[in-house]
Asker: 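I'd like to ask you about the structure that follows.
Just so it is clear: chains get the letters A, B, ... in the order the sequence lines come, proteins before strands, and each one is counted from 1.
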Amino acid sequence: MTDKETYESKNFIEEIIEEDLKNNKHGGRIHTRFPPEPNGYLHIGHTKAICINFENAEKYGGRTNLRFDDTNPVTEDTEYVEAIKNDIKWLGFEWEGDALFASDYFDKLYEFAIDLIKKGLAYVDDSSAEEIAEMKGTPTQPGVNSPYRTRSIEENLDLFQHMKEGAFEDGAKVLRAKIDMSSPNMHMRDPVLYRIKKVTHHRTGDKWCIYPMYDFAHGQSDSIENITHSLCSLEFRHHRPLYDWLIEKLEIFPSRQIEFARMNVAYMITSKRKLLKLIEDGYVTGWDDPRMSTLSGLRRRGYLPQSLRRFCNIVGVAKRDNVIEMELLESVIREDLNEVATRVMVVQDPIKVVIENYPDGEQETLTSVNNPQDENSGTHNMTFSREIFIERDDFMVDPPKKYFRLAPDKHVRLKGAYIIKANRYDSDAEGNITTVYCEYEPSSKSGEDTSGIKVKGTIHWVDANNYEDVELKLYDRLFTDPTPTSHEDKDFLEFLNPESLKVVPSAKAEKYLSEVGDSEPLQFMRKGYFIKDKDSNDERLVFNRTVTLRDSWAKIKQQLEKSKQGQ
RNA sequence: UGACCCAUGGUGUAAUUGGCAACACUACGGUUUUUGGUAUCGUCAUUCUAGGUUCGAGUCCUAGUGGGUCAACCA
C-alpha cells in the first residue's frame, strides 16, 4: 500500500482545518456554527452551508452551534426560528446545546462598543444616512471624514449612553468605527456599528432601542462562542478585514472567517426576498409549496434528507461561482428513492381494456413485489378481472417500429399478470380511443408462464372493478430559465413556468395505495416517484410527484417525431 | 475604471502539492431486463490567452483576457 492509494482529496476548507490541527491551534479544538437570520425559511442553498459547518465539525471531532443572527428586529420573527430548527433536525444534524441567539449577547456587545469608544476607535455620528453614504465615497473614490469624527471620548460615551436610553429618534445618530475613510475596502470606511430602531425585538422585546449591525454582531458572537472556524459564503470576503480588525481591537477570541462559494442550482432561486414575493403574489401556495427551493418545499415534494446531504457532498466545495445542473439533483434523489420506494401501479390517463376471453364477474388475486431492489420489502396483493385500466399512451392504433406496447394484433405483458393481445377498439367522435378489446393468454400468468410468447413490452394496469381514485400533483421546474434572476433586463417572474404544476384529479390507483403511510416513498411504476401530500384526507388521497422516472422512450418518441417532420 | 476573489469537458469537483488530466452528472451508442426503470459496457479535454522558470507546468512567475464581489442605519 502506497501513499497514492490511501490519498483522499480534500477541499480547501479541510486543508485549512487539518493544517490547524497539525499545528495544535486552539488545542486541536474545532468549533463551527450555522448562523441563519430568522427572517425566512431555509432553502437548498442553506443546505450546503449547513452541511459544510456540521460535517466538518463532525469529521474532525468538533461541535457546531446553531446561532440565530437576530440583530434586525424589523424583519425577524419567532415563526422562522421554529421552522429553521425543524429543517436542520430534518436534515439529521444536531447542534451543540440549545439554539443560541446573537440577541443573547446584546449586553456584551454594548460593552464591546463602550470599550471601542474608550480606545478612541468608535464615535457617534449625527449625520443622516444620506450624508454618511455621500461621505463614504465610491469604490474608485476615497471617502471623507465625518465632521463628528473628532468628538471626544467623553462626549461619545455620553451620546452613546443616551442613544441606548432612547433620547434620540430613529436614524438621528449612529455609532461608527473609526478606521480609514480612504480604504480601498468600502467596509473599512468607518462602518456603522449601532443604529437606533425603536422596534420590538422578537426575543428582547423593548429592552433595546439600539441594535448592532451585522459586522458588529456576527464576528463578536463567533468570538464569544469561541468559534474556531467561521465558514461563510464568498460575498463576505470584503468583511473579513473588518472582522479581523474588531477582534484585534477588542482583544477577544480570534475566530477565523473562511469563505466558500455558495451553491446555485439551475432553475431554482434562493433569494429570500424573491421567494417571499412568490408567496405573497400567489404564484405558489406557501413556503412549503413543493415547487419551492425551500427545505420545507423539498420535503413536501418527497425529497429525502440524506439525498440532499449527499447532493451537497457530490457537488463539492470551492471558491468559484457555480450553477449545478438540476439533472444531478434528480439523479441523486432517483438513486436513493430507487432503493426504498414501494412500487405501486397507478394509471394517470386511463383507457379501458376489456379482456373478452376472461370470465365476466370473476376476479383473482395477484401478488406484487413491493421493491425488487430489496428482498426484504415483501409483497402486496392486487386484483385482476375482465376489465382493467391502462395508460392512454400504452396503446397505439398505428405504432412505429420501435413501439413495444399494446397495438392491434400485438402482444404485451401486463406487469405481474398476463400477456394480452389487442383485437379491436372503440373510439369516440373525435377519434379518441375509449375501449380496447383484448384477449389474454391463460398460460402466461406472471411467475408461471408456460406460454412461450415473447413480448418486448410490459405495461402497468389497474383493475377497473377494484380501484381507488386519487389526485396527483405533477410538478415540474418552477422556472423556464436556468438562472431566472440573472437577467438585467428581465424580471425573474417573466420566467415562471406555466406548466410547473399539472393536477390529475382522478388517477386510477390500485387499492393498496390507500394503505400507504404519510411519508412512505412510492414509485408509481413506469411513471415516477411520489409521496402522499398533507392535503390528503378521508375522502381524497393526494400524491405529489417528487421526480419522474428516467424516460428513454420519450427521447425515442421525440426523435421519431423530429425525423417525421424532416421528411 | 479602484480593491479583492475566481478561471480544468456541456455541468460540478479531482489531480497525492512540479511528474501519464481523474470521478460524478448530462449527452450519444451498445448489453441485460416481466418497470423503455434499475444494472452494466463504451464514446466525448491540446487545463482562458501570451510569454517566462524547469529535464518536466493544470499546478510556480509576469502580463493580458474573461467572470464575480464591494459604495444598506440588511444579513
Asker: Send over the distance from A:Y243 OH to B:C4 P, rounded to a whole Å.
Answerer: 22 Å
Asker: Looking only at the side chains, is there a donor atom on one of A:N39 and A:E76 sitting less than 3.5 Å from an acceptor on the other?
Answerer: no
Asker: Base, sugar-phosphate or nothing for A:S128? Non-hydrogen atoms, less than 4.0 Å.
Answerer: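 Base contact - A:S128 has a heavy atom under 4.0 Å of at least one base atom.
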Asker: Is the closest side-chain donor-acceptor distance between A:D125 and A:S127 under 3.5 Å?
Answerer: yes
Asker: Would you classify A:R334 as touching base, sugar-phosphate or nothing, given that sugar-phosphate means primed atoms plus P, OP1 and OP2, and contacts are heavy atoms under 4.0 Å?
Answerer: nothing
Asker: Base, sugar-phosphate, or nothing: which does A:K456 touch, judged by heavy atoms less than 4.0 Å apart?
Answerer: nothing
Asker: Look at all strands and tell whether A:G457 reaches a base, only sugar-phosphate, or nothing, counting heavy atoms closer than 4.0 Å.
Answerer: nothing
Asker: What's A:M345 touching, base or sugar-phosphate or nothing? Going by heavy atoms closer than 4.0 Å.
Answerer: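 Counting heavy atoms under 4.0 Å across all strands, no contact is made by A:M345.
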Asker: Rounded to the nearest Å, what distance is computed from the CD atom of residue A:Q523 to the P atom of nucleotide B:U35?
Answerer: 11 Å
Asker: What interatomic distance, in whole Å, is found between P of B:G10 and the corresponding atom of B:A27?
Answerer: 15 Å
Asker: What about A:S446, does its side chain sit under 3.5 Å from the base of B:U34 through a donor-acceptor pair?
Answerer: yes
Asker: Can a cation-pi geometry be assigned to A:K508 and A:F389, taking NZ or CZ under 6.0 Å from the six-membered ring centre and within 45° of the ring axis?
Answerer: yes
Asker: So A:A129, base contact, sugar-phosphate only, or nothing? Heavy-atom distance under 4.0 Å.
Answerer: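 Contact class for A:A129: base.
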Asker: Heavy atoms only, 4.0 Å cut-off, all strands: where does A:V315 land among base, sugar-phosphate and nothing?
Answerer: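 Here A:V315 touches the backbone only, sparing every base.
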Asker: Is there aromatic stacking of A:W553 against B:G36, centre distance under 5.5 Å, plane angle under 30°?
Answerer: yes
Asker: Using a 4.0 Å heavy-atom cut-off, does A:E15 contact any base of the nucleic acid, only the sugar-phosphate backbone, or nothing at all?
Answerer: base
Asker: In whole Å, what is the span from the CD atom of A:Q373 to the C1' atom of B:U40?
Answerer: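 That distance rounds to 13 Å.
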Asker: Test the A:R151-A:Y123 pair against the cation-pi criterion, namely NZ or CZ under 6.0 angstrom from the six-membered ring centroid and within 45° of the ring axis.
Answerer: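 Ring-cation test returns no.
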Asker: Between A:E19 and A:K10, is there a salt bridge with N-O shorter than 4.0 Å?
Answerer: no
Asker: Starting at CD of A:E131 and ending at P of B:A72, how long is that distance when rounded to a whole Å?
Answerer: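 Going from A:E131 (CD) to B:A72 (P), I get 15 Å.
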Asker: Name the pairing partner of B:U34, where a pair is Watson-Crick or G-U wobble with both distances under 3.5 Å, or state none.
Answerer: none
Asker: Do you see a donor-acceptor pair shorter than 3.5 Å between the side chains of A:R33 and A:S230?
Answerer: yes
Asker: So if I define the base as every atom that isn't primed, P, OP1 or OP2, how would nucleotides 63-71 of chain B read as a B/S/- string at a heavy-atom cutoff under 4.0 Å?
Answerer: -----SBSB
Asker: Does A:R550 get its side chain close enough to the base of B:U38, under 3.5 Å, for a donor-acceptor pair?
Answerer: no
Asker: Taking atom types as modelled, find out whether A:Y105 and A:E225 have a side-chain donor-acceptor pair closer than 3.5 angstrom.
Answerer: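 Judged by distance alone, the side chains do pair up.
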Asker: Under a 3.5 Å threshold, yes or no: a donor from one side chain and an acceptor from the other, between A:R309 and A:T47?
Answerer: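 No.
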Asker: Side chains of A:E325 and A:Y267: any donor to acceptor distance under 3.5 Å?
Answerer: no
Asker: What integer number of Å spans the C1' atoms of B:G19 and B:U59?
Answerer: 11 Å
Asker: Would you say A:K415 places a side-chain N or O within less than 4.0 Å of OP1 or OP2 belonging to B:G37?
Answerer: no
Asker: Which residues pass the side chain to side chain contact (heavy atoms under 4.5 Å, CB included) test with A:E259, sequence neighbours left out?
Answerer: A:C232, A:L234, A:R237, A:R240, A:Q257
Asker: May I ask you to say what A:V332 touches in the nucleic acid, namely base, sugar-phosphate or nothing, with a heavy-atom cut-off under 4.0 Å?
Answerer: nothing
Asker: Strictly below 4.0 Å: does A:K10 bring a side-chain N or O up to OP1 or OP2 of B:U16?
Answerer: no
Asker: For a quick check under 3.5 Å, do A:T383 and A:D463 share a side-chain donor-acceptor pair by atom type?
Answerer: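 A:T383 vs A:D463: donor-acceptor pair found between side chains.
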Asker: Can a side-chain donor-acceptor contact be found between A:N371 and A:Q523 if the only test is distance below 3.5 angstrom?
Answerer: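 Absent: no donor and acceptor within the cut-off.
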Asker: Return the pairing partner of B:C60 with a 3.5 Å limit on both distances, Watson-Crick or G-U wobble; otherwise return none.
Answerer: B:G52
Asker: Would A:R413 and A:Y418 count as a cation-pi pair here, with the cationic atom under 6.0 angstrom from the ring centre and within 45° of the axis?
Answerer: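 Judged by the rule (NZ or CZ under 6.0 Å from the ring centre, within 45° of its axis), A:R413 is not positioned above A:Y418.
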Asker: Is any side-chain nitrogen or oxygen of A:T75 closer than 4.0 Å to OP1 or OP2 of B:C74?
Answerer: no
Asker: Enter syn or anti for the glycosidic conformation of B:U53, syn applying to angles within 90° of 0.
Answerer: anti
Asker: Just call it for A:S127: base, sugar-phosphate, or nothing, with non-hydrogen atoms closer than 4.0 Å on any strand.
Answerer: base
Asker: Taking any heavy-atom pair under 4.0 Å as a contact, classify A:G143: base, sugar-phosphate, or nothing.
Answerer: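 Counting heavy atoms under 4.0 Å across all strands, no contact is made by A:G143.
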Asker: Does B:G18 have a Watson-Crick or wobble partner in any strand here, with both distances under 3.5 angstrom, and which is it?
Answerer: none
Asker: Under a 3.5 Å limit for both distances, which nucleotide forms a Watson-Crick or G-U wobble pair with B:A7, could you say?
Answerer: B:U65
Asker: Using a cutoff of under 3.5 Å, can you pull out all pairs of nitrogen or oxygen atoms linking the protein to nucleotides 29-31 of chain B, with atom names and distances?
Answerer:
none

Asker: Taking pairing as Watson-Crick or G-U wobble with both contacts under 3.5 Å, can you name the mate of B:C73, or confirm there isn't one?
Answerer: none
Asker: Under 4.0 Å between any heavy atoms, over every strand shown, what does A:K527 touch: base, sugar-phosphate, or nothing? Just pick one.
Answerer: nothing
Asker: Heavy atoms only, 4.0 Å cut-off, all strands: where does A:V323 land among base, sugar-phosphate and nothing?
Answerer: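 Answer is sugar-phosphate: A:V323 comes under 4.0 Å of backbone atoms only.
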Asker: Examine B:G36: is either OP1 or OP2 under 4.0 Å from a nitrogen or oxygen in the side chain of A:T458? Give yes or no.
Answerer: no
Asker: Hey, which of these two, A:D449 or A:P35, hits RNA chain B nearer its 5' end, going by closest nucleotide?
Answerer: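 Looking at the nearest nucleotide for each, A:D449 comes out on the 5' side.
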Asker: Please classify the nucleic acid contact of A:L329 as base, sugar-phosphate, or nothing, using heavy-atom distances under 4.0 Å.
Answerer: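 A:L329: no heavy atom of the nucleic acid under 4.0 Å.
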Asker: Is it the case that the base of B:G36 and the side chain of A:R405 share a donor-acceptor contact (distance under 3.5 Å, atom types as modelled)?
Answerer: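 Check passes, donor-acceptor contact within cut-off.
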Asker: Between the base of B:U34 and the side chain of A:R413, is there any donor-acceptor pair under 3.5 Å?
Answerer: yes
